[in-house]
Protein chains: 2
Amino acid sequence: MSLRHALLALLTVEPMTGYDLSKAFQASVSHVWHAPDSQIYPELRRMEADGLLVGTEVPWGPRGKKREYSVTPKGLDAFRAWMNEPLSYTRERDPAHLKAAYLEWAEPDAARAQMHAHIDAYTARRDDWRDKVREIDTGTSTMLEQRLAHAPASEHASIRAYKRYTYEGLIARAEHEIEWAERGLALIDELNADAPTAAHRTRADAAPPAT
Amino acid sequence: MSLRHALLALLTVEPMTGYDLSKAFQASVSHVWHAPDSQIYPELRRMEADGLLVGTEVPWGPRGKKREYSVTPKGLDAFRAWMNEPLSYTRERDPAHLKAAYLEWAEPDAARAQMHAHIDAYTARRDDWRDKVREIDTGTSTMLEQRLAHAPASEHASIRAYKRYTYEGLIARAEHEIEWAERGLALIDELNADAPTAAHRTRADAAPPAT
DNA sequence: GTCAGCTACCTATCCCCATAGATAGTTAGC
DNA sequence: GCTAACTATCTATGGGGATAGGTAGCTGAC
């Protein structure tokens, strides 16, 4: 149900078409929540059916048309209700840590490659999020500036602060993941210092026991 | 496809029934990857159909029977192949941070409750993972000890080290999440310092902190 | 005037997962 | 001998998401 609320968050700024939304999504929310357009369009229809949005046909060129959605009072209520109730936390499900727990099965070099992939993935995210923070600070984030333009000046500080807070949390998390993977690289080196390749070969034959 | 590999990881230790697996899952892997039995049983069937496992009927009491699965060489190959290829990283999708980005919409007390929920969820996980580390160190983890019993002594250090490494990473992550939420609480107080809510004021007056 | 590239929207399939429940046999304690 | 609790397995339904398409109109450059 998070997609629904992410869309509501964007539409509270101003009415948009599905296409606009999928672009806005990529530019802003996607750093926190990703969704392809094939998920956005049907969800908008469902939200309209549920009375959270109203869609109006807008002419586009001589023959074309597009559908612009705006939030209804009911939609606003739903969004506020979601914001005011705490999330339910689902249990951990993390492929990287799952793999790490059984890393003795991997070739040392494959284990290292895994760690490098982890580092690369989180480095990219960290840089991405750092850009977002910079955009917030310099006022070059289109979505944020539009949101601010539609909000009373008294709230500008909060809006900016929460966005910044969110991305800073994500940056710190990414840095933690990078550190973790770097410790992983050190650990792999340490464990393979004496027997670089022999360890795996014995393991390979160990699992199917000859009965 | 992670469930499949989590199951393979467990079955490399020794053959098990679906029921055993769902128990073992809860006791060990579930701290990294959770799955209910209704997902495990069909997946085992599929894995058998794919030739990764063989299942044999084992009598259980006078009339009952159960199905015990063991890993085939093909299953072992699949597991090793998974271990040796790097994971693909999917894009961020985090409801807590999504909400945080729009926290100006929430009542201050609801925002605080959200932060407390975050702290509670990660505190529980952190404690859980700390227990796991303690189990690893004291040798009271059944699954781990069984795994060690089936592996050459030369590998015991690695097996233990990777498990410990995994859980330590998760503990550090949980601690980061707790810190983040605590900074969130401070931020909420700061942003609402001039206009405290009625509820907040009442609570502060009713229960002043004992020194 | 036509072609590339963009805007706009939609469909289909498959997989994973959450949740809820159905069924049946076994074991241990009273 | 009965009952509660455990062992064992399976089904059904629906939501959410990934991936991969398809259609149609618009716009601007050459």
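None of the values given here were measured: they were computed from a predicted structure. Chain naming here is simple, since letters A, B, ... match the order of the sequence lines and numbering starts at 1 in each. When reading the values below, keep in mind they use all heavy atoms of this one structure, side chains included, and skip hydrogens, waters and symmetry mates.
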Inset, instruction - Send over the distance from B:R4 CZ to C:dC15 C1', rounded to a whole Å. - result: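 It works out to 11 Å between those atoms.
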
Using a strict cut-off of less than 4.0 Å between a Lys/Arg side-chain nitrogen and an Asp/Glu carboxylate oxygen, indicate whether [X] and [Y] qualify as a salt bridge.
X      : Y      : answer
B:D131 : B:R126 : no
A:D77  : A:K74  : no
B:K66  : B:D20  : no
A:R173 : B:E177 : yes
A:D137 : A:R160 : no
B:R112 : B:D189 : yes

Inset, instruction - Mind running a 4.0 Å heavy-atom check of residues 40-54 of chain B against DNA chain D and sending the residues that fall below it, in number order? - result: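 Heavy-atom cutoff 4.0 Å gives B:Y41, B:R45.
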
Inset, instruction - Using a cut-off of strictly less than 4.0 Å between a heavy atom of the residue and any atom of DNA chain D, enumerate the qualifying residues of residues 15-24 of chain B by number. - result: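 Output list: B:T17, B:G18, B:Y19, B:D20.
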
Inset, instruction - Check whether any side-chain heavy atom of B:D94 sits under 4.5 Å from a side-chain heavy atom of A:W33, and report yes or no. - result: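 Of all side-chain heavy-atom pairs linking A:W33 with B:D94, none is under 4.5 Å.
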
Legend entry - Student check: side-chain heavy atoms of A:Y165 and A:L170 closer than 4.5 Å: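 No - every pair of side-chain heavy atoms lies 4.5 Å or more apart.
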
Which donor-acceptor pairs under 3.5 Å do the side chains of residues 5-15 of chain A make with protein atoms, sequence neighbours left out?
{"from": "A:H5", "atom 1": "ND1", "to": "A:M1", "atom 2": "O", "distance (Å)": "2.7"}
{"from": "A:T12", "atom 1": "OG1", "to": "A:A9", "atom 2": "O", "distance (Å)": "2.6"}
{"from": "A:T12", "atom 1": "OG1", "to": "A:R147", "atom 2": "NH1", "distance (Å)": "3.4"}

Inset, instruction - Quick one: list whatever passes side-chain contact (heavy atoms from CB on, under 4.5 Å) with A:A101, sequence neighbours left out. - result: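 Counting only residues at least two positions away or on another chain, A:A101 forms a side-chain contact (heavy atoms from CB on, under 4.5 Å) with B:T166.
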
Inset, instruction - Only counting residues at least two apart or in another chain, list the ones meeting side-chain contact (heavy atoms from CB on, under 4.5 Å) with A:S38. - result: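 A:P36.
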
Inset, instruction - With sequence neighbours left out, write down each residue that passes salt bridge (charged side-chain N to carboxylate O under 4.0 Å, His left out) with A:D128, or none if nothing qualifies. - result: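 Listed in chain order: nothing, the list is empty.
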
Inset, instruction - Sequence neighbours left out, what passes salt bridge (charged side-chain N to carboxylate O under 4.0 Å, His left out) with B:E48? Give chain and number order. - result: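 Partners of B:E48 under the salt bridge (charged side-chain N to carboxylate O under 4.0 Å, His left out) test: B:R67.
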
Inset, instruction - Output yes when a side-chain donor or acceptor of B:H156 lies under 3.5 Å from a complementary backbone atom of B:L148, and no otherwise. - result: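 Yes, the answer is positive, given that a donor and an acceptor are paired below the 3.5 Å cut-off.
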
Where do N or O atoms of nucleotides 24-27 of chain C meet protein N or O atoms at under 3.5 Å, pair by pair?
{"from": "C:dG25", "atom 1": "O3'", "to": "B:G64", "atom 2": "N", "distance (Å)": "3.0"}
{"from": "C:dT26", "atom 1": "OP1", "to": "B:W60", "atom 2": "O", "distance (Å)": "3.2"}
{"from": "C:dT26", "atom 1": "OP1", "to": "B:P62", "atom 2": "N", "distance (Å)": "3.1"}
{"from": "C:dT26", "atom 1": "OP1", "to": "B:R63", "atom 2": "N", "distance (Å)": "2.7"}
{"from": "C:dT26", "atom 1": "OP1", "to": "B:G64", "atom 2": "N", "distance (Å)": "2.8"}

Inset, instruction - Please test A:K163 against B:Y102 for side chain to side chain contact (heavy atoms under 4.5 Å, CB included), starting from the C-alpha separation and ending with a verdict. - result: CA-CA 7 Å; A:K163 296 259 177 316; B:Y102 298 98; 3.9 Å; yes

Inset, instruction - For B:R93 and for B:E68, find the nucleotide of DNA chain D with the closest heavy atom, then tell me which residue's nucleotide is more 5'. - result: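 Of the two residues, B:E68 wins.
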
Inset, instruction - Enter the inter-axis angle for the ends of the helix from C:dG1-D:dC30 to C:dC30-D:dG1 (five pairs per end, rounded to 10°). - result: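 That helix has its two terminal axes inclined by roughly 0°.
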
Taking only N/O atoms, report every protein-nucleotides 19-21 of chain C pair under 3.5 Å with atom names and distance.
{"from": "C:dT19", "atom 1": "O4", "to": "B:S38", "atom 2": "OG", "distance (Å)": "2.7"}

Legend entry - All pairs passing ring-ring contact (aromatic ring centres under 6.0 Å, His included) where residues 104-128 of chain B contributes a residue, at least two apart: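 Sorted pair list: A:F79-B:W105, A:Y89-B:H118, B:H118-B:Y122, B:H118-B:W180.
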
Inset, instruction - Assess A:K99 against B:Y162: is NZ or CZ under 6.0 Å from the centre of the six-membered ring, and within 45 degrees of the ring's axis? - result: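 Negative - A:K99 is either too far from the ring of B:Y162 or too far off its axis.
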
Legend entry - Segment of DNA chain D, first to last nucleotide, that comes within the 4.0 Å heavy-atom reach of chain A: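 The protein-touched segment is D:dG16 to D:dC26.
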
